[in-house]
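Below is one structure, written out as structure tokens, with a few remarks after it.
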Amino acid sequence: MNKRISLTEQAHKIILQQLKPGDIAIDATVGNGHDTLFLAQQVGSKGKVFGFDIQQQAIDSTQEKLNNESKFNHIELFQTSHSNLAQYIPAKYHGNINVFMFNLGYLPGSDKSIITQTESTLSALNQAIDLLAQPGLITIAAYPGHSGGDSENDVIKKWHKQLPADQFNTQTIYSSEKKTAPRLYIIHKK
């Protein structure tokens, strides 16, 4: 029997095709730091990774994971909403971000009532589109089925579908046929 690969693993596979050493990447929701570490490994010491999360626990967990790897001094973490990312990213990187990675929902192993919010996520996605390099990539792992996740997913789905086809290639990967199943939205800026 084949092992199903997670949406996060699928996002990583897609990002591997785009991200190169020396590139700039943003982990819009650092969580426990797995994606931040993955992005840092791909861009190498000549690249840059910016990470965002509203929870100090997430920033601490990510920093601890990165501290175990002394070569990762090219990462900046911010304890703030991803809706503030444009103001925290230095102007010289605007229009030059190669990859944005969003893994929405709640911090695994923590208070499940603290979740990403629809309005802040939509704001962050609109900023990401503006900050993205050409070509560039955005991946969004969304989780309907938990409190707040359904409405957030509905807004992302609508936003994703309205992106101009002459500027963006879009795709959605579903983890299963269930309405509440997680999904991965992929946006390639041409």
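All of these numbers come straight from a predicted model, not from anything done at the bench.
The side-chain heavy atoms of D35 and V30, taken from C-beta on, include no pair separated by under 4.5 Å. The side-chain heavy atoms of D23 and Q42, taken from C-beta on, include no pair separated by under 4.5 Å. Side chains of Q10 and L7 form a contact here, defined as non-hydrogen atoms less than 4.5 Å apart. Residues F50 and I24 are in side-chain contact: their nearest non-hydrogen atoms beyond the backbone lie under 4.5 Å apart. Annotation: side chain of H188 is not in contact with side chain of P135 (no heavy-atom distance under 4.5 Å).
Separating the CG atom in N169 from the NZ atom in K189 is a distance of 13.0 Å, to the nearest 0.5 Å. Distance CG/L66 to NE2/H74: 8.5 Å, rounded to 0.5 Å. To the nearest 0.5 Å, atoms CG (L85) and CG (L125) are separated by 9.0 Å. We find the CG-OG1 distance between L163 and T170 to be 6.5 Å, quoted to the nearest 0.5 Å. Residue T139 holds its OG1 atom at 7.5 Å from CD1 of I186, rounded to the nearest 0.5 Å. Atom CG of N103 is separated from atom OG1 of T8 by 4.5 Å, given to the nearest 0.5 angstrom.
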Start with the C-alpha distance between D27 and I75, add both sets of side-chain angles, then the distance that settles side-chain contact (heavy atoms from CB on, under 4.5 Å), and finish with yes or no. CA-CA 10 Å; D27 184 351; I75 301 163; over 6 Å; no
Please assess T121 against I140 for the test side-chain contact (heavy atoms from CB on, under 4.5 Å), listing each intermediate value before the final yes or no. CA-CA 10 Å; T121 297; I140 310 158; 5.7 Å; no
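Residues A128 and I138 approach most closely at CB-CD1, 3.9 Å, considering heavy atoms. Looking at every heavy atom in both residues, S83 comes nearest to S120 through CB-O, 3.6 Å. When all heavy atoms are compared, the tightest approach of T62 to G31 is OG1-O, 3.4 Å. Among all heavy-atom pairs drawn from L19 and A25, the shortest one is CD2-CB, 4.1 Å. In this structure, D53 and A58 approach most closely via the heavy-atom pair CG-CB, 3.4 Å. Listed here is the closest heavy atom pair of A165 and K190: O-NZ, 2.6 Å.
Here T80 pairs with N84 under the side chain to side chain donor-acceptor pair (under 3.5 Å) rule; sequence neighbours left out. Legend: residues meeting ring-ring contact (aromatic ring centres under 6.0 Å, His included) with F78, ordered by chain and number and at least two apart, are F52, Y88. Residues satisfying the side chain to side chain donor-acceptor pair (under 3.5 Å) test with H34, not counting sequence neighbours, are none. Applying the salt bridge (charged side-chain N to carboxylate O under 4.0 Å, His left out) test to K48 and every residue at least two apart in sequence or in another chain returns E76.
F38 and H12 have parallel rings, their planes meeting at less than 30° on a 0 to 90° scale where 60° marks the start of perpendicular.
For the side chain to side chain donor-acceptor pair (under 3.5 Å) condition, no pair includes a residue of residues 91-100, sequence neighbours left out. The list of side chain to side chain donor-acceptor pair (under 3.5 Å) pairs with a residue in residues 124-136, not counting sequence neighbours, reads S123-Q127, N126-W159.
Just one of N153, I156, I173 meets the side-chain contact (heavy atoms from CB on, under 4.5 Å) condition when paired with R183; it is N153. None of Y185, F102, F168 except one satisfies the ring pair (Phe, Tyr, Trp, His ring centres under 6.0 Å) rule with H160; the exception is Y185.
Heavy atoms of other residues, nucleotides or ligands lying less than 6.0 angstrom from NZ of K157 number 12 at most.
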